[in-house]
**Q** 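Below you will find the structure I want to go over with you.
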Amino acid sequence: MTPEIKPVVAGNWKMNGSSNSQSMVRELVAGYDQKLQGQVDMAIFPPSILLAQTASWLSGSKISCGAQDCHANQSGAHTGDIAADMIVDAGGTMVLVGHSERRVDHNESNDEVAAKARAAWQSGLTAFICIGELEAERRSGKTLDVLAEQLAGSVPDGATAANAVIAYEPVWAIGTGLVPEASDVEEAHAFIRKQLVERFGNAGATMRILYGGSVKPGNAGELMAINNVDGALVGGASLKAEDFLGICEAYRNMT
Ligand code: PGA
């Protein structure tokens, strides 16, 4: 955590969920009580086809929602893609860009990720910009070089604490149950903070840096207490209300 930064726990549903997810969202709304609301922000990223429904299920609650990706253009001949303005139209206020599954499955480059973040900002969305090293890069000692390159290439000029959240997700920790040592998480987050401060000054000092990769209720307390870890991006454990709330609970008594 960073004392002056309010953390956010964000759930990335990936390609999961359906119109039946309403009951699970209701459980989240019920469990996210006033004490928790004061301690930690909560956000969910359903598949875009469920975004409008999810936004309506959340209306009147303090939980935000957004999409998992957007196109860099606002309209046009891009079959299957969605524009940032459409996310706003559906009730979203945020969007993930550069998730490793997009970078790997869809060959997204840092330039494309930056263009998507700029498109998000044009529409008034907060961009959750994801970065993280592959297992081979970690093993060959290149982690910090990869993070520097991804930060430089994927985070556009003009990033602020309001329009950008950085999500550090070691690719080898996503969906595997593997989690880096606390000291490795601390080193990566301190490095990211330093890069952000060098480039963006005070905005970089107050930007949220999330950890993602196999965050569960059982390890959230330890991970969220690490310096410069300002919340979590959660995949698998965001699909069950009990687990997702269990992760948020790590913040209940944190000061
Ligand atoms: P995981 O996914 O929590 O299932 O490891 C994290 C993510 O991909 O954002």
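We use all heavy atoms of the structure for the numbers below, so side chains are in, but hydrogens, waters and symmetry mates are not. Position 1 is the first residue of the sequence, and the numbers go up from there. Read the numbers this way: they start at 1 and go in the same order the structure lists the ligands and their atoms.
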**Q** Under 3.5 Å between any N/O of Lys14 and any N/O of ligand 1: does that happen in this structure?
**A** yes
**Q** Quick one: pull up CD in Glu133 and CD in Gln150 and give me the separation to the nearest 0.5 Å.
**A** 8.5 Å
**Q** Can you find a non-hydrogen atom of Gly213 under 4.0 Å from ligand 1?
**A** yes
**Q** Below 4.0 angstrom, N of the basic side chain to O of the carboxylate: do Lys116 and Asp81 qualify?
**A** no
**Q** In the protein, what heavy atom is nearest to atom 9 (O) of ligand 1, and what distance, to one decimal place, separates them?
**A** Glu169 OE2, 2.6 Å
**Q** Suppose we measure from atom 3 (O) of ligand 1 to each protein heavy atom; which comes out shortest, and what is that distance?
**A** Gly235 N, 2.8 Å
**Q** Taking the basic N atoms (NZ, or NE/NH1/NH2) and the acidic carboxylate oxygens, is any pair closer than 4.0 Å for Arg139 and Glu135?
**A** yes
**Q** Which atoms from ligand 1 have a heavy atom of Ala173 less than 4.0 Å away?
**A** 5 (O)
**Q** Determine whether a donor-acceptor pair (N or O, by modelled atom type, separation under 3.5 Å) exists between the side chain of Ser214 and the backbone of Ala173.
**A** yes
**Q** Give me the one residue out of Lys194, Arg193, Glu186, His189 that meets side chain to side chain donor-acceptor pair (under 3.5 Å) with Asn228.
**A** Arg193
**Q** Spell out, as yes or no, whether a donor-acceptor pair under 3.5 Å connects the side chain of His106 to the backbone of Glu108.
**A** no
**Q** Can you sort out which atoms of ligand 1 are near His99, meaning under 4.0 Å from one of its heavy atoms?
**A** 7 (C), 8 (O), 9 (O)
**Q** Any heavy atom of Lys216 sitting closer than 4.0 Å to ligand 1?
**A** no
**Q** Between Ala114 and Pro156, which heavy-atom pair has the shortest distance, and what is it?
**A** O-CG, 3.5 Å
**Q** What atoms of ligand 1 come closer than 4.0 angstrom to any heavy atom of Gly236?
**A** 1 (P), 3 (O), 4 (O)
**Q** Between the side chain of Thr160 and the main-chain N/O of Asn163, is any donor-acceptor distance below 3.5 Å?
**A** yes
**Q** What are the atoms of ligand 1, with element, lying closer than 4.0 Å to any heavy atom of Gly175?
**A** 1 (P), 4 (O), 5 (O)
**Q** I'd like to know if Gly212 contacts ligand 1, where contact means a heavy-atom distance under 4.0 Å to any ligand atom.
**A** no
**Q** Going by the order shown, which atoms of ligand 1 are within less than 4.0 Å of some heavy atom of Asn12?
**A** 9 (O)
